[in-house]
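All heavy atoms count here, side chains included; hydrogens, waters and symmetry mates do not. Letters A, B, ... are given to chains in the order of the sequence lines, protein chains preceding strands, and every chain is numbered from 1.
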Amino acid sequence: MKTSKSIYLFFLPGLFLYAIFFVYPTISALFYSFTDWDGLSSSFQFVGIENYERAFTGDTIFRKTIGNNLKFMLVVVVFQTIVALAFALIVLKNTKTTIFLRALYFFPTILSSVSVAFIWSFIYDPSLGILNQLLELIGLEFLAQNWLGNANIAIYSLAITQIWFHAGQMLIIFVAGLQAIPEELYEVAKIEGASKWQTFRNVTWPLLAPSATIVVAYTTIQSFKAFDLVFAMTGGGPNNSTEIVATYIFDIAFRSYQFGYASAISVIFMVIIAVITYLQFKVLRSNRISY
Amino acid sequence: MKRSLLLTSGLLSGALLLTGCAGESNSGTEGEEDRTKISFIHWRGEDKAVLDDLIAQFEEENPAVSVEMTIYPSEQYQATGQRLLQDGSTGDVFTSFPGAQFEAIASAGLFEDLSGEDFVSNFDKELISVGQKDGAQLALPYQLVFNMPVYNKGMFEELGLEVPKSWSEFQTMADTLLENDITPIAFPGADIGPNQFMNSMMMNNAPDEDVFEKLQNGEESLTNEWWVKTLEDFQLLEQKSYIQKDALGTSQDSAMAMVANEEAAMLATGSYHMSALLDLNPDLELDLMAPITVEENEAMYEGINTATFMLAVNSKSEKKEQAKEFIAFLSQPEIASQYANETGQHLTINDVEYESEVLQNTAYWIDERKTRFQPRFLITNAQIEAAVLSSIENVLGGAEPMEAAKEAQQIVDENRD
């Protein structure tokens, strides 16, 4: 069948939007990363790879933000995936209760991130917050913490909020993946005398790999870009312990007026996300199986 | 037929897209062709009601001019507000913070020089110096705030406490408060606490007003006595429980609640919170007090002032005359008095009549007390400012003062211009 050349016209609106909102800003960022532009002036100087050298060798905070981002990402990816999968297995069957529970678990996802930040800042407040009060009430006051004010745990407190915020979204993807697994395979496993764990390990998980790939990749990207929660809850503090690359780029660009340098960090950040996502795809795709 | 249909549909989609884009830029000003509309941008959401009223009065006096006010959250204002200034279509009148933001806008040449304007004489000559650069008056600070602790004067009187004049007296006062189960200082360490309280904590440890300029050009170091002593003083506040437990996780609202409920005697923010505290507890009797961290005979300053909310005209604006008329209007004493009394702020305008009790009771800080301009705003490099503030958080988090100072100094060295 021959395709009319005019069909390509349908690509134009999408291509146009993609070029304006993605290609152009990306190329601009790359361009400005080689300059000392302050974001306000009409003039700037080319500085070669100076901004990249500074990021890699002369910026302690940038290196710290990479470490913070990796900690945040690891906690969120591991626990959000486990929580979403566990809940998906619980609410898999289509009954009235499970449909209600799915909606309930999905609910945080529809909230705005600023609302979530406000709610959780209140929960974590060391004197007025309900978390510490609840711990005291049940006799676990030794677990009460300065959740956002302690530099050693603040990043993990933020990670818990991020998991609460987005696990429902991933649950839906897992439910869709689980429901697509043919029932006959479970019947065969049962006849063969497989235990629940063996069934999960050899039937459910391999066939869920495509969904897991999406969940893990999306969670990774999401946790790298968790600007709004961090910005609204801690602003990167205390003592930069929750400063992640996205909030640092904001600081450099809009508080320090170093757009050239912020562009260089953005480019490095984009490359890091791309590499990590590629590696995840490679690993998870190797787990895929079909029966 | 099929081919031409596809072609037509494709072209139609493109046309619709372009029409949609064009439609957005055409919205707007119908019926106002005969009036010159000026744009006024700022970050003070809490002042909207009074500014709406003042704008209505201005438009009545100047029927040929209308004012469109856009208020941004302060963070967003820093991020987007000033970028809008660049093409001159937004922010004919705009506001700026002193310090890093003022320097950046000045470097970009976006301030119109207001030096020769008659209305400049309506402002206090000394207080507006912060809006000057290279001999030109680029911006006119409108508000005058005192960035030093607000204290419960009634509680002090009840306990027979005097305002301490030295660091040793301050500690004795704090011990007495603790003995009475009162937290001496409510410190909102999760948000504005460090950047507000650092000013009064360091004002006498580093009386040289150029200390941060010297830090930025390498002549001073955070590992020197003036800053390490300031960090040691912060450490003492934390170790002796003069600030509340878990202070770094305490928000501004929680700290205010502590003072309003009389669980704490002082709020480590500034005069701008006095009205809000009185809203929470109208029975409070409040005043201002900065900790004197040296001996009485060594103290050079009693408090901190900041002339801020700096009014300016966009140099790229095509409506500069109308923009100046609006600033002239705001600088009239009776107009400024209405603004001051309805917002609970002291102003930099001469002859303002303060009617509210709290403004009257604290007005003596303007003329009778020795205050210095907020040191934090003299750090013009935002990364260096962040390093200075981080060292305070580091100490309150348990680090040794010298160790925190060294860590911060490394960041200063990396970010020096």
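Interface remark: of the candidates A:D38, A:N150, A:N240, A:T234, A:N240 forms the most heavy-atom pairs closer than 4.5 Å to chain B. Counting heavy-atom pairs closer than 4.5 Å to chain A, the top residue among B:L396, B:D246, B:D253 is B:D246.
Formation of a donor-acceptor pair under 3.5 Å by the A:T242 side chain with backbone atoms of A:G237 is found in this model.
Looking at A:F231, the atoms closer than 4.5 Å to chain B (heavy atoms on both sides) all sit in the side chain, from C-beta outward. For A:F62, no part lies under 4.5 angstrom from a heavy atom of chain B. Both the backbone and the side chain of B:Q383 come within less than 4.5 Å of a heavy atom in chain A.
Checked against the 6.0 Å centroid threshold, A:F250 and A:F227 count as a close aromatic pair. Side-chain rings of A:F34 and A:F44 stay apart, their centers remaining 6.0 Å or farther from each other.
Between B:K133 and B:E103, at least one side-chain N (NZ, or NE/NH1/NH2) sits under 4.0 Å from a carboxylate O, which counts as a salt bridge.
Relative ring orientation between B:F102 and B:F111 is described as tilted, the plane-to-plane angle lying within the 30° to 60° band.
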